[in-house]
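Note on naming: letters A, B, ... go to the chains in the order of the sequence lines (proteins, then strands), and numbering restarts at 1 for each one.
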Protein chains: 2
Amino acid sequence: MKPKINDVAKAAGVSPTTVSRVLNNRGYISKETRENVYRAMKEVNYYPNELARSLYNKRTNLIGLVVPTTSNPFFGELTFHIENICTSLGYKVLLCNSLNRIDKEEKYSEMLLRNQVDGVIVGTHNRGILHYHKQNLPVVAIDHYLSETIPVVGSDNYSGGKMATELLIEKGCQYIVHLGGPRELETPANFRRKAYEDIMKKYGRLPITYEIPNTFDPQIQQKVIEKLFCEHPQLDGVFASDDLIAASVLAEANKRGKAIPNDLKVIGYDGTETGQTLLPQLTTIQQPIDLIAKTAIDILLKKVAEEFEELPHETRLAVKLLERKTT
Amino acid sequence: MKPKINDVAKAAGVSPTTVSRVLNNRGYISKETRENVYRAMKEVNYYPNELARSLYNKRTNLIGLVVPTTSNPFFGELTFHIENICTSLGYKVLLCNSLNRIDKEEKYSEMLLRNQVDGVIVGTHNRGILHYHKQNLPVVAIDHYLSETIPVVGSDNYSGGKMATELLIEKGCQYIVHLGGPRELETPANFRRKAYEDIMKKYGRLPITYEIPNTFDPQIQQKVIEKLFCEHPQLDGVFASDDLIAASVLAEANKRGKAIPNDLKVIGYDGTETGQTLLPQLTTIQQPIDLIAKTAIDILLKKVAEEFEELPHETRLAVKLLERKTT
DNA sequence: CTGAAAGCGCTTACAG
DNA sequence: CTGAAAGCGCTTACAG
């Protein structure tokens, strides 16, 4: 059997109460007793049972993290940063990959509730959100509007969309199309499209947006891209809403013998480490992934601590244009 | 306050025992009572506290997952598959990104123990392994030899290394170098190098291996690659031990005006979805990431269930050559 | 078919 | 400075 606090107490010749106090640095303990208890813990190889502690304390130090999938480099990196920062602050991360599927999102939110997480960071649309509200669990969203009371953290999507579109125009593109996420989802990422449309209009151009379903299915993305090239052979500029889509556009252009950047200029969004290593030629808008993670956690932990200083409902973090060879 | 089992009991006019039995489908319960209890759970918005259940049952259905970082596409995809399969089997995943750092690995293993995980899947060298042994916690390793008793799952590294090297030779490369992980780490991935060296010798060539530290630091990788090109200007074939490194080799070749594949042929390892989307030109050896995840979980859960049927100490899953344009 | 009681492994208020 | 007792929210063996 695993040693319990009682075993430590016996080995140290004290009561469980005393062991607990040593463990939690609470109340006065003579130095001698303290050292004796530590020795006993080593001796019996004791690891405190966090389940029991959490049950009593009503605090697990567990954070639920819901992303579409860590397979996507943006979310893989975001997950890394979130977990890393959480750990440095004494929190643990329960990971959920929802693939943006409603059924999975609902099951995850119930699971997180049952497991008594102290808070949740949500990077999906999460329609299971009702569960959270009912239990008023602290929640912070990344790039999604979930409700009036849930803070949103993300990159400055409007600026990013503006920079991308302006760059293509400056570079002389005459026929620029945007490949974006589904319009009906309420996410600040739609500001990338809004900026694109605003800038296009400002320059007297006709904005054309193709929607890519948020299923992370390369097949489906491929279909949309082929359609785009078929329907707009005059195409000479593409602003893609993420780097993977931009890469697929490059591949399609290559297949059709369009030279990059002469015949066609392409700019992406995200600027992940992985993207920069695997496709360093791609011009893109870089999101500050580490800062997004840090900001989301900061806000979440303030809610957990019930510090009701006015929390910003939306935080838009500065993006950076990485100008490379595809524009 | 959150509703507890007692609140449900009151709302249903039964005892907590009965509610618990409904919850766990245990013993005989009249249909009427059962429905009444369900109604009461809905009514008071009840979510069972898994902490309390786990404390009693001595089973958390929690799996610890330790990877270097989900930022790396191989581990990002592996993490996705592991979490996904775990969820489908009723398990939850506590995520740990160790960055291959000893200090972090040790803290994580203690944390996982304290949190009473049912088992651990380790994709790092994990020198905190002692902790696990002491508590004899079920562990499965991915591509790492941790101890005699810990099953290892991975791709067939030797075959992969052999296929890669043979391809470069077939394609006429005269001067082939291998970029591999650090030799001192005991990982089956070293069979990639072993295969490279064996095949080179078989063809009367001199094997040359450069070691890349496993720190996931692009700067350091860059340095090694520059050194490689400086010291071996005759270089016309590279077998890189992962796709990110292969991409950096391509970038360096490009910088030096070496044409791909004419002047230099490059093959990578991993063949992730992300890699195929961002760098579809790259020839590589594809690991069956989903199968690795599935196999590791299968074995782990058998250990958790204490089914001591002979478990294979090492499982080598078939790889696939994806021949593209860089060779 | 259902309930009262004990216990999972901790922590803390209270008493000494 | 230290201990005995009650309680965190469940589950199950036992009794009825």
Side-chain angles (χ1 to χ4, degrees), chain A residues 1-38 40-41 44-62 110-118 135 137, chain B residues 1-38 40-41 44-62 110-118 135 137:
Chain A
M1 275 312 301
K2 291 180 191 169
K4 328 175 194 184
I5 203 167
N6 230 314
D7 301 312
V8 179
K10 276 182 201 157
V14 297
S15 74
T17 308
T18 301
V19 176
S20 173
R21 262 195 294 258
V22 171
L23 226 43
N24 296 290
N25 250 315
R26 249 178 157 278
Y28 291 91
I29 304 269
S30 73
K31 198 180 169 194
E32 199 183 359
T33 308
R34 177 185 306 275
E35 280 166 7
N36 190 16
V37 168
Y38 277 127
M41 295 202 299
V44 305
N45 226 278
Y46 176 68
Y47 294 95
N49 184 326
E50 289 294 334
L51 254 34
R53 307 183 79 191
S54 297
L55 182 60
Y56 185 93
N57 294 327
K58 297 173 181 312
R59 208 136 173 325
T60 54
N61 280 14
L62 260 180
E110 182 171 341
M111 181 276 277
L112 294 173
L113 243 17
R114 285 168 172 253
N115 284 276
Q116 314 298 117
V117 295
D118 292 340
Q135 303 274 332
L137 181 65
Chain B
M1 274 313 300
K2 291 180 191 168
K4 329 175 194 184
I5 203 166
N6 230 316
D7 301 311
V8 178
K10 276 182 199 154
V14 297
S15 73
T17 308
T18 301
V19 177
S20 173
R21 263 196 293 259
V22 171
L23 227 43
N24 296 289
N25 250 314
R26 250 178 155 277
Y28 291 91
I29 305 270
S30 74
K31 199 180 168 192
E32 200 182 356
T33 307
R34 175 186 307 274
E35 279 165 5
N36 190 17
V37 168
Y38 277 127
M41 296 202 301
V44 305
N45 227 279
Y46 175 68
Y47 295 95
N49 184 326
E50 289 293 334
L51 253 35
R53 307 182 80 192
S54 297
L55 183 59
Y56 185 92
N57 294 327
K58 296 172 180 311
R59 209 138 174 325
T60 54
N61 279 14
L62 261 180
E110 181 169 343
M111 181 277 277
L112 294 173
L113 243 17
R114 283 169 173 254
N115 284 278
Q116 315 298 119
V117 295
D118 291 341
Q135 303 273 332
L137 181 64

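Put simply, the side chain of B:Val22 does not reach to within 4.5 Å of the side chain of B:Asn36, judged on heavy atoms. Residues B:Lys58 and A:Lys2 form no side-chain contact, since every pair of their non-hydrogen atoms from C-beta on lies 4.5 Å or further apart. When side chains are defined from C-beta on, B:Leu113 counts as touching B:Leu137, because their heavy atoms get closer than 4.5 Å. Residues B:Glu50 and B:Asn61 form no side-chain contact, since every pair of their non-hydrogen atoms from C-beta on lies 4.5 Å or further apart.
Where DNA chain D meets chain A (any atom under 4.0 Å from a heavy atom), the bounding nucleotides read 5' to 3' are D:dC1 to D:dG9.
Across all strands, A:Thr33 comes closer than 4.0 Å only to sugar-phosphate atoms, never to a base (heavy-atom distances). Within the 4.0 angstrom heavy-atom criterion, only backbone atoms of the sugar-phosphate kind lie near A:Asn57; the bases stay farther away. Within the 4.0 angstrom heavy-atom criterion, only backbone atoms of the sugar-phosphate kind lie near B:Asn24; the bases stay farther away. The residue A:Ser20 sits close to a base: some heavy atom pair falls under 4.0 Å. Among the atoms of the strands shown, base atoms are found under 4.0 Å from some heavy atom of B:Thr17.
Here the shortest heavy-atom pairing between B:Ile29 and B:Arg26 reads CG1-O, 4.2 Å. Minimum interatomic distance between B:Ala40 and B:Ala11 (heavy atoms only, all atoms of both residues): CB-CB, 3.9 Å.
Residues B:Arg21 and B:Leu55 both approach DNA chain C. Their nearest nucleotides, taken by heavy-atom distance, put B:Arg21 toward the 5′ side. Looking at which nucleotide of DNA chain C each of A:Leu51 and A:Tyr56 is closest to, the 5′-most match is held by A:Leu51. Nearer the 5' end of DNA chain D, as judged by each residue's closest nucleotide, is the contact made by A:Lys31, out of A:Lys31 and B:Ala52.
When the P atom is used for both C:dC14 and C:dC10, the distance is 24 Å, rounded to whole Å. Nucleotides D:dG9 and D:dA13, compared at atom P, are 23 Å apart to the nearest Å.
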Dot-bracket for DNA chain D: what is it, with Watson-Crick or G-U pairs under 3.5 Å, [ ] where a pair crosses earlier ones, and | for a pair to another strand? |||.||||||||.|||
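The backbone N or O of A:Arg59 lies less than 3.5 Å from no partner atom in the side chain of A:Asn57, so there is not a single donor-acceptor pair.
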Apply the test side-chain hydrogen bond (donor to acceptor under 3.5 Å, both in side chains) to residues B:Thr17 and B:Ser20: give CA-CA distance (whole Å), side-chain angles for both, the deciding distance (0.1 Å), then the verdict. CA-CA 5 Å; B:Thr17 308; B:Ser20 173; over 6 Å; no
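With A:Tyr46 as the partner, the side chain to side chain contact (heavy atoms under 4.5 Å, CB included) test is satisfied by one option alone out of A:Asp7, A:Leu23, A:Val37: A:Leu23.
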